[in-house]
Peer 1: 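Below you'll find the structure I mean.
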Amino acid sequence: MRVARDRAIFHALCVVDEAQERARAGAVPPSAGLRLALAFLHLCGAELYWIDQFWKAAVTRSEVGQGAAAFGRSQEMTAAVNAITRAVGVERSSAFLDALRAARRA
């Protein structure tokens, strides 16, 4: 069974979106799923710089709350996710974000 490339990209972005959301509570435990999603997105055109930036901010840093360090970490993840999403040919619109969140709940 083959999965269409666009559908596989969507699922990989779901994994990344979930990790970004979980990172609000601290460092995200490294997982094979997140590694696979990021590796796949890199194969689809996302620059390694942004993949590494997201990984470092989500997995190796744990700042949370309202401080400057936590805000910086959040901004690093957001910039990385925006760049990754654009690089794989997806517009990160509010409708797309709603679809990601709905798919994660299903």
Side-chain angles (χ1 to χ4, degrees):
M1 177 174 123
R2 287 185 62 92
V3 176
R5 181 180 185 272
D6 291 345
R7 190 76 181 147
I9 287 172
F10 179 80
H11 286 296
L13 291 171
C14 281
V15 172
V16 171
D17 184 65
E18 180 180 37
Q20 184 178 16
E21 186 173 305
R22 291 178 63 206
R24 291 180 185 161
V28 176
S31 70
L34 181 56
R35 284 185 179 106
L36 178 62
L38 292 171
F40 176 72
L41 292 168
H42 175 58
L43 289 174
C44 291
E47 291 181 35
L48 189 56
Y49 171 82
W50 292 112
I51 299 292
D52 287 342
Q53 187 78 11
F54 180 81
W55 181 266
K56 289 175 186 171
V59 174
T60 66
R61 294 180 57 190
S62 61
E63 300 91 350
V64 294
Q66 301 299 319
F71 181 74
R73 176 178 178 247
S74 174
Q75 290 299 313
E76 286 176 19
M77 283 188 288
T78 299
V81 170
N82 287 342
I84 291 166
T85 304
R86 274 192 310 274
V88 297
V90 176
E91 179 186 349
R92 196 165 163 83
S93 65
S94 59
F96 176 74
L97 293 175
D98 289 345
L100 279 180
R101 308 268 156 63
R104 287 185 23 229
R105 284 191 300 269

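Note that the structure is a prediction, hence the values are computed from the model and not measured. Computation of the quantities below employed the complete heavy-atom set of this structure, encompassing side-chain atoms and omitting hydrogens, waters and symmetry-equivalent molecules.
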Peer 1: Please tell me if the side chains of Val64 and Arg24 come closer than 4.5 Å, counting only heavy atoms from C-beta onward.
Peer 2: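 Counting from C-beta outward, Val64 and Arg24 never come under 4.5 Å.
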
Peer 1: May I ask you to decide whether Arg104 forms a salt bridge with Glu21, counting only side-chain N to carboxylate O separations under 4.0 Å?
Peer 2: yes

Peer 1: Which donor-acceptor pairs under 3.5 Å do side chains of residues 29-51 form with protein atoms, sequence neighbours excluded?
Peer 2:
| residue | atom | partner | partner atom | Å |
| --- | --- | --- | --- | --- |
| Ser31 | OG | Leu34 | N | 3.1 |
| His42 | ND1 | Ala46 | O | 2.8 |

Peer 1: Is a side-chain donor or acceptor of Arg86 paired with a backbone partner of Glu91 at a separation under 3.5 angstrom?
Peer 2: no

Peer 1: To the nearest 0.5 angstrom, please state how far the CZ atom of Arg101 sits from the CZ atom of Phe96.
Peer 2: 9.5 Å

Peer 1: How close do Ala57 and Glu76 get, counting heavy atoms only, and between which atoms?
Peer 2: CB-OE1, 3.9 Å

Peer 1: Check whether Thr78 reaches the backbone of Ser74 with its side chain - one donor and one acceptor, N or O, closer than 3.5 Å.
Peer 2: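 Checked: pair present.
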
Peer 1: Are Val28 and Met77 connected, step by step, through hydrophobic side chains (Ile, Leu, Val, Met, Phe, Trp, Tyr) whose heavy atoms are closer than 4.5 Å?
Peer 2: no

Peer 1: Leu100 versus Leu97: any side-chain heavy-atom pair under 4.5 Å?
Peer 2: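 In short, these two side chains touch, coming nearer than 4.5 Å.
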
Peer 1: Got Arg92 and Asp17 here, is their nearest side-chain heavy-atom distance under 4.5 Å?
Peer 2: yes

Peer 1: Below 4.5 Å, heavy atoms only, C-beta onward: do Phe54 and Gln20 meet side chain to side chain?
Peer 2: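 The answer is yes; the side chains approach within 4.5 Å.
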
